[in-house]
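Computed from heavy atoms alone, side chains included, the values below leave out hydrogens, waters and symmetry copies.
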Amino acid sequence: MPPPESSPFTAMNTVLYCRRFAQSVAFYETVLGLDRGFANDWFVEFRVAPGAYLSVADEARASVKSAGGAGITLTLRCDDVDDVHHRLVAHGVAPGSVGPRPWGAWGFLVRDPEGTRIEVWTPRSPGDTVR
């Protein structure tokens with residue numbers, strides 16, 4: 001069966017169920033600087049980019065339990081990977097070093113308070129091998 005010419009979907013939301021709900025909300029909102037959308041006392045939705053959302057839910061109030069970050073990698077493309085790295089450090093977070101990624105990008109890894117693996121990256125210019 002051939003793939004559809006275009007997706008019928010208009011947005012995507014990834015939901016992370018967290019034991020460390022308050023810390024996770026603060027990490028995505030304050031440390032990473034994501035804009036808060038819908039929120040109540042156990043669920044917060046953040047706008048990452050047009051049509052892309054990340055939500056944090058308190059596992060104590062949800063029917064789904066935390067995976068503790070296991071088996072999940074969030075990849076966040078940005079314009080200035082060094083700026084995001086400095087922002088994390090300024091907030092007391094210890095991200096990995098910025099370096100070349102195998103697919104032709106600069107990036108680094110960091111984990112949120114729940115243990116979710118996050119890869120922050122930006123494309124490399126052709127021939128750009130030194131940072």
Side-chain angles (χ1 to χ4, degrees):
M1 178 176 196
E5 289 186 27
S6 67
S7 171
F9 306 106
T10 59
M12 189 191 109
N13 186 15
T14 299
V15 181
L16 301 175
Y17 296 89
C18 301
R19 289 183 290 267
R20 295 174 185 91
F21 175 71
Q23 296 93 328
S24 295
V25 169
F27 177 83
Y28 288 103
E29 184 170 36
T30 304
V31 177
L32 286 183
L34 298 182
D35 291 328
R36 186 185 282 221
F38 173 81
N40 62 26
D41 60 338
W42 68 275
F43 186 92
V44 178
E45 179 182 86
F46 297 101
R47 182 175 181 267
V48 179
Y53 302 88
L54 175 70
S55 293
V56 177
D58 185 351
E59 77 156 16
R61 301 276 306 274
S63 60
V64 178
K65 298 305 171 199
S66 171
I72 299 169
T73 299
L74 299 175
T75 61
L76 301 174
R77 180 178 173 172
C78 63
D79 292 329
D80 188 340
V81 72
D82 293 312
D83 182 59
V84 175
H85 192 272
H86 293 307
R87 179 185 181 98
L88 288 163
V89 170
H91 282 279
V93 176
S97 298
V98 175
R101 308 310 293 164
W103 64 92
W106 289 107
F108 64 89
L109 296 173
V110 66
R111 293 199 179 259
D112 74 4
E114 195 68 17
T116 303
R117 183 177 188 257
I118 302 168
E119 185 163 36
V120 178
W121 67 279
T122 193
R124 272 191 281 183
S125 300
D128 185 11
T129 58
V130 179
R131 197 80 172 141

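- At a threshold of 4.5 Å between side-chain heavy atoms, the hydrophobic network of Ile, Leu, Val, Met, Phe, Trp and Tyr places Val15 and Trp42 in one connected group.
- Aromatic ring pairs are classed by plane angle as parallel below 30°, tilted from 30° to 60° and perpendicular above 60°; the pair His85 and Phe108 is perpendicular.
- When side chains are defined from C-beta on, Val84 does not count as touching Leu76, because their heavy atoms never get closer than 4.5 Å.
- A distance of 13.5 Å separates CZ in Arg61 from OH in Tyr17, rounded to the nearest 0.5 Å.
- Under a hydrophobic-cluster definition in which Ile, Leu, Val, Met, Phe, Trp and Tyr are linked whenever side-chain heavy atoms come within less than 4.5 Å, directly or via other members, Phe46 and Leu74 are assigned to the same cluster.
- Side-chain contact between Phe27 and Leu88 is present, with at least one heavy-atom pair separated by less than 4.5 Å.
- Aromatic ring orientation, Phe38 versus Phe43: tilted (interplanar angle from 30° to 60°).
- Across Arg77 and Pro123, no two heavy atoms sit closer than the pair NH2-CG, 3.1 Å.
- Under a hydrophobic clustering in which Ile, Leu, Val, Met, Phe, Trp and Tyr are joined whenever their side-chain heavy atoms come within less than 4.5 Å, directly or via other members, Leu34 and Ile72 fall into the same cluster.
- At a threshold of 4.5 Å between non-hydrogen side-chain atoms, the residues Glu45 and Asn13 count as touching.
- Counting heavy atoms of neighbouring residues, nucleotides and ligands inside a 6.0 Å radius, atom CG of Asp41 exceeds 12 of them.
- Here the side chains of Val44 and Tyr28 are not in contact, with every heavy-atom distance at 4.5 Å or above.
- For the residue pair Arg117 and Leu109, the shortest heavy atom distance occurs at NH2-CD1, 3.3 Å.
- For the side-chain contact (heavy atoms from CB on, under 4.5 Å) with Cys18, the lone residue among Asp58, Val56, Thr116 that qualifies is Val56.
- With hydrophobic clusters built from ILVMFWY side chains whose heavy atoms lie under 4.5 angstrom apart, Ile118 does not share a cluster with Trp121.
- Note on Val93: it clusters hydrophobically with Val120, by side-chain heavy-atom contacts below 4.5 Å among ILVMFWY residues.
- Remark: side-chain polar atoms of Arg101 are not paired, donor with acceptor, to backbone N or O of Arg124 under 3.5 angstrom.
- Ser24 and Asp112 share no donor-acceptor pair across their side chains, judged by distance under 3.5 Å alone.
- One N or O on the side chain of Glu59 and one on the backbone of Ser66 form a donor-acceptor pair closer than 3.5 Å.
- Using a 4.5 Å cut-off on side-chain heavy atoms (C-beta onward), Val25 and Arg36 make contact.
- When all heavy atoms are compared, the tightest approach of Val81 to Gly107 is CG2-CA, 3.9 Å.
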Could you go through the side chain to side chain contact (heavy atoms under 4.5 Å, CB included) check for Leu16 and Leu54 one step at a time? CA-CA 8 Å; Leu16 301 175; Leu54 175 70; 3.9 Å; yes

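- Counting heavy atoms from C-beta outward, Asp82 and Trp106 have side chains that stay 4.5 Å or more apart.
- The closest side-chain heavy-atom distance from His86 to Val98 is not below 4.5 Å.
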